[in-house]
Amino acid sequence: MTKILAISNQKGGVGKTTTAVNLSAALGMKGKKVLLVDLDPQGNATSSSGLEKNKIKQTVYDLLINDLDVTEVICKGKLYDVMPANQNLAAAELEMINIKHREALLKNKLHQKNKYDYILLDCPPSLGLITLNGLTAAHSVLIPMQCEYFALEGLTDLVNTIKKVKQFMNTDIQIEGLLRTIYDGRNTLTKEVSAQLSAYFPNKVYKTIVPRNVRIAEAPSHGLSAIQFDKRSKGAKAYLELANEIILKEKNND
Ligand code: ADP
Ligand code: MG
């Protein structure tokens, strides 16, 4: 069965796109069939995967608004396939308003038979209709977090949104896990927030920590994941470890 994971946090710059791209590549390296869906009009996951977002004809916008099939919108890649996005997607948020069951447009497309083991959704930094589509389509949510002062406050908003989605749109949705990203272990505040996170969400915080690592930040400008750019880097190793953790969890749940 396909597992659909939404990578979401309404805060920007916490490592959502980096996680979506690198986890897709890491799962691909482990032999899984992966589709990365870019749900952010900024199209960072698309360009980080080596695609020219403004030259692509068919994007996730066409899937949602023009009723194209999943197969018509996919760009095939070496380690993982991509459903790209660009600035067009910003208009979808408005255009969806008049569509019936607008929160389930993505779900209706992704829940059709497909060849993927994992579908990863790179959500935008907001809790609008596009994110709602992501959360309605997903089996679970992976939340990347930077362990900073306001991180826990933002988390409460996200958890409340997930609760509402669970109540009204997607009764089965779960929090898959909280991932500590851009982590600097020398920083005392980071360590404190990290400890609080584990206390509030026991069993939900991944053992894997993604360190702040310059190779991760450099990779997108080459149109590559860090896994492909420098698989020996600390950042690449962390995402490969995360893929193991996720695959193992899946096995134990079977
Ligand atoms: P989001 O999608 O949540 O807005 P991004 O994944 O785009 O966040 O990350 C924001 C910025 O931080 C990007 O420039 C990215 O390259 C950088 N970044 C993300 N993770 C790391 C990391 N572990 N180490 C160093 N830089 C990182
Ligand atoms: Mg992003």
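Whatever order the structure lists them in is the order used to number ligands and atoms, beginning at 1.
- At a distance under 4.0 Å, no protein heavy atom can be found next to atom 17 (C) of ligand 1.
- Residue P125 places no heavy atom under 4.0 Å from ligand 1.
- Between the Mg ion (ligand 2) and Q42 there is no N/O/S contact shorter than 2.8 Å.
- Within the 4.0 Å cut-off (strictly below), a protein heavy atom is located near atom 24 (N) of ligand 1.
- Looking from atom 8 (O) of ligand 1 to the surrounding protein, the closest heavy atom is G15 N, 3.0 Å.
- Of all protein heavy atoms, the one closest to atom 7 (O) of ligand 1 is T17 CB, 4.0 Å.
- Heavy atoms of P220 stay at 4.0 angstrom or farther from ligand 1.
- For ligand 1, the polar-atom distance check against G13 finds a nitrogen or oxygen pair separated by under 3.5 Å.
- Distances shorter than 4.0 angstrom do not occur between any heavy atom of N44 and any atom of ligand 1.
- When the shell of 6.0 Å around NZ of K3 is examined, it contains more than 12 heavy atoms from other residues, nucleotides or ligands.
- The two residues L121 and A137 come nearest to each other via the heavy atoms CD1-CB, 4.5 Å.
- Pairing each heavy atom of D81 with each of K76, the nearest pair is OD1-CA, 3.3 Å.
- Each of the following atoms of ligand 1 lies closer than 4.0 Å to a heavy atom of V14: 1 (P), 3 (O), 8 (O).
- Residue contact check: A217 has heavy atoms under 4.0 Å from atoms 16 (O), 26 (N) of ligand 1.
- Shown here, atom 13 (C) of ligand 1 is out of close reach of the protein: none of its heavy atoms lies under 4.0 Å off.
- A side-chain contact (heavy atoms from CB on, under 4.5 Å) with L89 is found for one member of L64, D62, I65 and no other, namely L64.
- Close approach of ligand 1 to G12 is summarised as follows: ligand atoms under 4.0 Å from at least one heavy atom of the residue are 4 (O).
- Counting the atoms of ligand 1 from 1 in the order shown, those under 4.0 Å from a heavy atom of N213 are 22 (C), 24 (N), 25 (C).
- Of the protein's non-hydrogen atoms, T18 OG1, 3.3 Å is the one closest to atom 19 (C) of ligand 1.
- Considering only non-hydrogen protein atoms, atom 27 (C) of ligand 1 sits nearest to I216 CG2, 4.0 Å.
- Of all heavy-atom pairs between V14 and T181, the closest is O-OG1, 2.6 Å.
- Counting heavy-atom neighbours within 6.0 Å of K204 NZ, excluding the residue itself, gives a total above 12.
- Within the structure, ligand 1 has I182 among the residues with a heavy atom less than 4.0 angstrom away.
- Between L63 and L106 there is a side-chain heavy-atom pair separated by less than 4.5 Å.
- At least one heavy atom of P211 lies less than 4.0 angstrom from ligand 1.
- For ligand 1, the atoms closer than 4.0 angstrom to any heavy atom of V210 are 23 (N).
- Residue T19 places no N or O, backbone or side chain, under 3.5 Å from any N or O of ligand 1.
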